[in-house]
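Written below as structure tokens is the structure these notes are about.
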Amino acid sequence: SARVMVFKPLDSKRCDNANCHDKPERGAIHGTQFAGQDCGLCHKMDGWKPITFSHDAASYKGYKLEGKHKEVKCEKCHKPDPNKAVVYEGKSIPMAHYKPIATDRCDTALCHADPHKKLFAPRRCVDCHVIADWKNMTSVFDHSFDTKYPLTGKHKTAKCESCHKNKVWKPLSLDCNSCHAKEDKHKGKLGTNCDDCHATASWSPKPVAHERTGFPLTETHNQLICSDCHTKGKGDFSGLSPDCQQCHTDPHLNQMGRLCNDCHNMRSWEPTKFRHSLTGFRLEGGHRYLNCGRCHTGRVYRVVPSDCLFCHATDFGKPSAMAFHSIFNKSYDTNCVKCHTQFTWSQPRK
């Protein structure tokens, strides 16, 4: 028997009221999420996809998409539920949840599982993150104000995960060794308070750090590197004596004792503090400009005779000097000061 085709006008007020899209299995894709709403609010006739719905529409009063959310596909947040799949034309189609999602907290939605495992509960994600860039926290979170450990120096440019291993963001130990144990060249011999000697601006030791040892580095010593004096190597900076001869070979062969700073200072090795007048032989005239070694030959600095001939025997025995003395010093008296002064050798005393 022939079937009668119905060509009378169909009810086109709603897509699912006509004989077209009213199949139970087709309509069940949304379930009852949009019951009573017109399909044309989201779909159009020239193509079922893409949908015409926009989160940014002025008529929409729900959650506006901002930042990175604008680039996300609908199904990333409105995830299909495989437990509520509908079989349509031989295909299993999971039901998608398009009803408003809870947006009071990022981790209460189906989108962002809490990577911190509730370490920051009950704080919200927006307290540290922004939608424009999830990893850029500088506009919201400030380590200097939001924690007890302000980031200074090199710490400012360090990546978060360099210190917060395995995404553990809760307060860490403020002990430097908790992060820098492998970098401790001293092998624990100088303790774990690295900031006693180092600063975050540079790993080089602080200039003031050496003051705590009782031997402050000043003048020329401050220009040295640690290994110039601490020669043991392997980060061993302990066990040195403040005795100068720990580093400096005594050029006086122990004639002057071990207190080098009686004559020398750290600005210059020249004996600026030494006073020759205290030896009983005041340096005057030409003597003041001579190098110490001119008189103290062989590094003999003690018990040097003050007799002129001790230094000037060669001068006294020159033919010209002998001829001169044959006229004015016929007895060849070696007490030179009777005729000469330290200011000028060539003009005898009157």
Side-chain angles (χ1 to χ4, degrees), residues 5-141 160 167 169:
M5 302 294 294
V6 179
F7 290 98
K8 282 189 175 184
L10 301 177
D11 182 4
S12 59
K13 293 181 180 180
R14 288 182 55 84
C15 303
D16 53 356
N17 284 340
N19 291 321
C20 304
H21 302 287
D22 60 343
K23 294 183 179 180
E25 61 272 22
R26 178 61 176 168
I29 291 176
H30 296 313
T32 59
Q33 293 180 77
F34 301 106
Q37 295 189 31
D38 185 4
C39 303
L41 293 175
C42 297
H43 302 279
K44 55 185 179 180
M45 295 183 185
D46 58 351
W48 195 248
K49 291 183 180 182
I51 61 173
T52 58
F53 173 79
S54 174
H55 269 268
D56 299 326
S59 58
Y60 180 65
K61 306 301 181 182
Y63 186 74
K64 302 295 183 181
L65 297 184
E66 300 174 342
K68 293 292 184 180
H69 284 168
K70 288 186 176 183
E71 305 171 11
V72 177
K73 293 182 179 180
C74 303
E75 55 269 23
K76 288 288 290 186
C77 295
H78 299 281
K79 297 182 179 180
D81 186 353
N83 296 321
K84 295 182 179 180
V86 175
V87 178
Y88 179 68
E89 294 182 352
K91 295 181 180 180
S92 179
I93 304 175
M95 182 185 296
H97 294 275
Y98 287 99
K99 274 210 168 181
I101 295 173
T103 57
D104 57 329
R105 288 184 59 89
C106 305
D107 54 354
T108 58
L110 300 174
C111 308
H112 304 286
D114 181 7
H116 311 306
K117 300 179 181 178
K118 297 185 177 180
L119 285 173
F120 295 107
R123 295 184 67 179
R124 301 185 307 159
C125 303
V126 293
D127 291 340
C128 296
H129 301 279
V130 292
I131 300 174
D133 187 349
W134 190 252
K135 292 186 178 181
N136 183 8
M137 301 165 57
T138 55
S139 61
V140 180
F141 178 80
C160 303
K167 296 184 178 180
W169 308 105

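With H55 contributing its side chain and Y63 its backbone, the two residues share a donor-acceptor pair below 3.5 Å.
Across D114 and K118, no two heavy atoms sit closer than the pair OD2-N, 2.6 Å. Considering every non-hydrogen atom in both D81 and P94, the closest pair reads O-CB, 3.6 Å. Residues T52 and L41 approach most closely at OG1-O, 3.4 Å, considering heavy atoms. Here the closest heavy-atom approach between residue K64 and residue A57 is recorded as NZ-O, 2.9 Å.
Counting non-hydrogen atoms of other residues, nucleotides and ligands closer than 6.0 Å to NZ of K68 gives a total of 12 or fewer.
The distance from the OH atom of Y98 to the NE2 atom of H78 is 7.5 Å, given to the nearest 0.5 Å. Expressed to the nearest 0.5 Å, how far CE of M137 lies from CG of D127 amounts to 10.5 Å. Rounded to the nearest 0.5 Å, atoms SG (C74) and CZ (F53) are 8.5 Å apart. Atom NE2 of residue H129 and atom CZ of residue R124 lie 13.0 Å apart, to the nearest 0.5 angstrom. Remark: K70 NZ to I131 CD1 distance equals 10.5 Å, nearest 0.5 Å.
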Begin with the C-alpha distance, continue with both residues' side-chain angles, and end with the deciding distance and a verdict on side chain to side chain contact (heavy atoms under 4.5 Å, CB included) for V126 and V140. CA-CA 8 Å; V126 293; V140 180; over 6 Å; no
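Take Y60 and apply the side-chain hydrogen bond (donor to acceptor under 3.5 Å, both in side chains) test, not counting sequence neighbours, and it matches no residue. Every residue meeting the side-chain hydrogen bond (donor to acceptor under 3.5 Å, both in side chains) condition with H116, not counting sequence neighbours, appears here in chain and number order: W169.
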